[in-house]
Amino acid sequence: MIKHTKDITIRHIWEARKQIASIVNRTPLIQSAILSEKVGRSVYLKLENVHEVGAFKVRGAANKILSLSDEEKKRGVATFSTGNHGMAVAYVANKLGMDAVVCISNRVPKAKVDSLKRLGAQIEIVGDSQDAAGERCYELEREKGVTVIEPFDDPHVIAGQGTIGLELLEDLPNLTDVIVPLSGGGLLSGIGLALKANDPNLRVTGVSMEHSAVMYESLKAGKPVKLDESETLADSLLGGIGLDNRYTFKMVQQYMDDVVLIPEEEIAYSMAYMMDKHRMIMEGAAATGIAAILGEKIPHQDGDMAVIISGHNVDLSTLLTLIQQYTFENK
Ligand SMILES: *Cc1c(COP(=O)(O)O)cnc(C)c1O
């Protein structure tokens, strides 16, 4: 029997599913003919790019925010993420008619600030580092009683992401492998718990970029470690896991069977490949899963494979450059 991390069980994922149904749509699962042919087994894409904010993070954010008391909801929420988590928090708060403050440094590009504003977030610009923005967030929590919504290391967030696992189990009775982009590990913890509670033999593979793969290095060290960030196309996978990590480090340790690290060129190639062959836009983080398949990094088993297409938020200019390179190389 699987021993579950004390505070989170499959029951919480079922509760999350009921809780978030009014805000979050079930996402489609499609078979990829071209990838299936390539690896000689059925490959399915779980389309988490089709959420209105373009990434799965809306599941965890919705489950967390809906779990707050009426009093807490009145006081509002805060985050210092400007990426997909920040967008998801702003989106959910807006839907529920709540205040959301996003604390950012003055280095955040205007395009990101504008999209957060469009979602109805209040922007507070503080200092010139992500750390300063984070400190301001926790100051707001102490002074005004707002709730800071954590991006991954929170039971409600993990359970929210885990609802993807329930949908996969329902849609794919012959599922044997799931490939999950990995950063702080909220996505993998939730999906891993949901799948392994049902079938402990189901293989869960995490994928990250080669450099600054903090969870990978932490698992190797046996404890959470800090790394410098380097440029990557998989920018949604950047960031630490927290030296005082409470949930996801242990859960990833428990539920992940294997981890694959992807070099930048292969992330780039996979983004262009999916645009060309599938007519589908995906951001670098999501393309890591495709790269693992194209690079035949997943050991063969009979049974179906699913890859989590975790998001599509990438600058079009970045994508266009990649496609030009790819087209040139494939002439
Ligand atoms: C946040 C994110 C991930 C990683 O999720 P974690 O829970 O931090 O591991 C993967 N892909 C996309 C697009 C994301 O936004």
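Every number for a ligand or one of its atoms is a count from 1 in the order of the listing.
Here OH of Y273 is found 6.5 Å from NZ of K38. Values are rounded to the nearest 0.5 Å.
R75 contributes a side-chain N or O that, together with a main-chain N or O of G145, makes up a donor-acceptor pair within less than 3.5 Å. Judged by distance alone, the side chain of E48 and the main-chain N or O of G311 form no donor-acceptor pair under 3.5 Å.
Put simply, the residue from D304, D302, T176, N174 that forms a side-chain hydrogen bond (donor to acceptor under 3.5 Å, both in side chains) with R41 is T176.
Pocket lining of ligand 1, defined as residues with a non-hydrogen atom under 4.0 Å away: F56, K57, N84, P181, L182, S183, G184, G185, G186, L187, S236, L237, E283, A285, S310, G311.
Of all non-hydrogen atoms in Q31 and S42, the two that sit nearest each other are NE2-OG, 3.3 Å. Minimum interatomic distance between A159 and I13 (heavy atoms only, all atoms of both residues): O-CG2, 3.8 Å.
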